[in-house]
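Structure record follows, encoded as structure tokens.
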Amino acid sequence: MPSKIKMNENNPQERIKNFNEVNLGYTKEQAIQEAKRCIQCKKPLCVEGCPVEINIPGFIKAIAEDRMEEAVRILKDKNSLPAVCGRVCPQEEQCEKKCILGKKGNAISIGHLERYTADWEKKNIGLSGPSNNKTAKKQKVAIVGSGPAGLTCAGDLAKMGFDVTIYESLHKPGGVLRYGIPEFRLPNHILDFELDNLQKMGVNIMKNILIGRTKSIDDLFEEGYSSIFIGVGAGLPKFMNIPGENLNNIYSANEFLVRVNLMNGYKFPEYDTPMPIGKKVAVIGGGNTAMDAARSALRLGAEEVTLVYRRSRTEMPARIEEVHHAEEEGIKFMFLTAPVKYSGDEKGFVKEMECIKMELGEPDDSGRRRPQVISNSNFTMQVDLVVVAIGLSPNPLVPSLTKGLQTNKWGELVIDDSFMTTIPGIFAGGDIVGGETVIQAMGMGKRAARAMEKYLHNLVPAK
Amino acid sequence: MFKIISKKILAPNVKQIQVIAPEISKRVKAGQFIILRINELGERIPLTVASTDINQGSITLIFQEIGKTTSALGTLNVEDSILDIVGPLGHPTDMKKLGTVAAIGGGVGVAEILPVAKAYRDAGNKVIGIIGARNKELVILENEMQQACDELHITTDDGSYKRKGFVSDVLNEIIKKGEQINLVYAIGPVPMMKVISNLTQPQNIETIVSLNPIMVDGTGMCGACRVTVGGKTLFACVDGPEFNGHQVDWDELTKRLNMFKDKEKVSLDKFNHKCKCKS
């Protein structure tokens, strides 16, 4: 059995000087060669591992036989954002993990093939396919938030024939795909293409509207929407509440990445949003967001970027590929360490971080071993910029401003098996109900769309 | 796109524009703000809504040309458009009948105190307005405040108009005279709000300040606008912008407001250079 085809990447020494995409994608020959390795299982386990239920062997077979239009059709039948998923999904934890060839460490590179297929469409078909814009539509539905959950839900509902409008509070749609994930992992033009595709399918996108403030949920019902999907994502960034955390140049990962990605701060002063540049940067956390922040700081010109994580390498939630890329680029990792205090200069800028060493104890609720403080292990390190990437709380705005929407103790919206909230006709998915990854959010958006179709179908005769 | 339908110069470097934004106009209440981005290259900045005209579907924004974005905004004319505006943001002022309210505005903060003063008066309070500016030229909205308040006091730092001194001097006198004040509401430069809060704290007069820290998204996502209030970190965009003045960490706020001073200067110099080249 031939081994998997590696995707070409930009050289680490070169790529840390820019925000260009790191992965270069397969060539046609590489894609066909990789696709031909798929043994086309009768009962494909990979599909079970896919939150959006893509017919994986189907599209791979089409690639192997060089029937690319068919590959695109099969892929997009289930996934409205394949170019995004092909880049940011943790395939190694999902479809590829279940691949039968994976037992010998040689799983099919499903993610790379998905990306190849989506990019092929962009290059060879573009937006020239048929438009779904003018057909008569079923009921009006509103999607609140244009992140991965909302976009998937919108795409599926549009395919089902509903009249779909997305409301986005920022000036550009995409949610975390826009403001969170840097261009070296997901270029803006790729996201724009997927959004254009959705609009061509008839989805309306309204920007600069903050549901809860600009319009209420009740307003949407009054405007004739029969059902609403809430995918407002994560809200407030979490901080550790340790002394000195509000010193200048200590940022939440959200702020740091919003400045880079949404506001193009890395092109300051061509773009107006100032971008802080650190020489000695510490990033607190071990997830994909921490990796994105660390690698962005490096590209902005940091001399040294250290990732500080309270557990050990094995517990890091970041994708292996991202950790690998970060290491290649020269990010330092400091495991089993947590900051306890920051101190600053007379102008209030952070200059020093005091840390403490940790050791791993018994497993906690997440199944990971709980980090415990080693007493008297404190030490200090010089820093001039810190990014805190330890997670987010669900966005509190819509729940707090909408009567009848119940939340649990974490502030997540309460939903039933069909993703319906405590208000009939209002559904929810993604981070606002406790989702964690882009693909999880997309899976929820997909299942919610199906539940909404059922709800709307039953609603019609009642009128 | 949000079209500008009128423009007025209120004082040197202080401008007032009326912008068509029907959804915001319908819903904005005293105390709330918007975030705008002028064009594709622009940054997002918060501005308080000074007034609205619901029939016209417009909001009125008043701003001082300090940095690059406010300076660029000042160059826009009637018929020009602003690319993005989102709002209303933040909690509206909690309007109650309390008795006597001192509504205090400093500099361009007068634009922000005006809707607050009106709303407190509409709620049945006696409103004492105190507004201040560096000099006579910079006093804005005198007539509007006159109408919105039961009594109005005006101060200038240099004494070129009305009373010489600071708004805090007037407040101090009113308190000393024994006038019962149930609430002080102050908007203006940080040093002014700090002095007012320090003045009212020993008297136990409830004091609300409206803070304007650096913001990016303004919807509770980025945490740029965090302020320490009563020892707790809060986000001005979603927890505020109004806070108990007695509990604000003014020193931290001042430092955080200066975070990007160097970069703001680079931006402004570049803008001024461009303007000079054009003219």
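A, B, ... follow the sequence lines: proteins, then strands. Residue 1 opens every chain.
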Is it the case that the side chain of A:Asn208 and the backbone of B:Val86 share a donor-acceptor pair, with hydrogens and angles ignored and the cut-off at 3.5 Å? no
Distance check, rounded to the nearest 0.5 Å: A:Glu270 atom CD versus B:Lys270 atom NZ? 7.0 Å
Residue by residue, which of residues 47-74 of chain B have a heavy atom closer than 4.5 Å to a heavy atom belonging to chain A? B:Lys68, B:Thr69
Between the CE atom in B:Met259 and the CZ atom in A:Phe349, the distance rounded to the nearest 0.5 Å is 7.0 Å
So, B:Asp217 and A:Arg259, do they make that salt bridge, N to O below 4.0 Å? no
Of the backbone (N, CA, C, O) and the side chain (C-beta and beyond), which part of A:Asn249 lies under 4.5 Å from a heavy atom of chain B, both, or neither? both
For A:Leu401, is it the side chain, the backbone, both, or neither that has a heavy atom closer than 4.5 Å to a heavy atom of chain B? neither
For the side chain of B:Arg27 and the backbone of A:Thr214, is there at least one donor-acceptor N/O pair under 3.5 Å apart? yes
Rounded to the nearest 0.5 Å, what separation is found between the CE atom of A:Met263 and the SG atom of B:Cys222? 10.0 Å
Specify which of A:Leu257, A:Leu397, A:Leu210 makes the most heavy-atom pairs with chain B at under 4.5 Å. A:Leu210
Under a 4.5 Å cutoff for heavy-atom pairs, which residue among B:Thr254, B:Leu83, B:Val216 has the most contacts with chain A? B:Val216
Region of A:Lys207 in contact with chain B, defined by heavy-atom distances below 4.5 Å: neither
Side-chain heavy atoms of A:Ile277 within contact of B:Lys263, under 4.5 Å: yes
Measure distances from B:Leu253 to the heavy atoms of chain A and classify the residue's part below 4.5 Å as side chain, backbone, both or neither. neither
Chain B contact via A:Pro396 - side chain, backbone, both or neither, heavy atoms under 4.5 Å: neither
What I want to check is whether the side chains of A:Asn246 and B:Thr233 have a donor and an acceptor closer together than 3.5 Å. yes
Would you say B:Lys265 has more than 12 foreign heavy atoms packed within less than 6.0 Å of its NZ? no
For chain B, find which of A:Gly344, A:Pro276, A:Ser393 contributes the most heavy-atom pairs closer than 4.5 angstrom. A:Pro276
Among B:Val238, B:Ile85, B:Thr228, residue most engaged with chain A (heavy-atom pairs, under 4.5 Å): B:Ile85
What distance separates A:Asn248 CG from B:Lys261 NZ, expressed to the nearest 0.5 Å? 11.5 Å
Taking every non-hydrogen pair under 4.5 Å, which of B:Glu40, B:Lys232, B:Glu264, B:Lys26 racks up the most with chain A? B:Glu40
Sort A:Glu346 into side chain, backbone, both or neither according to what part of it lies under 4.5 angstrom from a heavy atom of chain B. backbone
If you count heavy-atom pairs under 4.5 Å between each of A:Lys215, A:Lys172, A:Lys347 and chain B, which one has the most? A:Lys215
Contact leader toward chain A among B:Arg256, B:Lys255, B:Glu23, B:Arg226, where contacts are heavy-atom pairs under 4.5 Å: B:Arg226
Straight-line distance of B:Met221 CE to A:Glu255 CD, nearest 0.5 Å: 10.0 Å
For chain B, the option from A:Asn264, A:Asn241, A:Asn254 that forms the most heavy-atom pairs under 4.5 Å: A:Asn254
Approximate separation, where rounding is to 0.5 Å, of B:Ile38 CD1 and A:Asp272 CG: 7.5 Å
Who wins among A:Asn395, A:Val258, A:Leu170 for the most heavy-atom pairs under 4.5 Å with chain B? A:Leu170
When A:Gly235, A:Gly212, A:Pro237 are compared by non-hydrogen pairs under 4.5 Å with chain B, the top option: A:Pro237
Could you tell me whether A:Lys140 atom NZ has more than 12 heavy atoms of other residues or ligands within 6.0 Å of it? yes
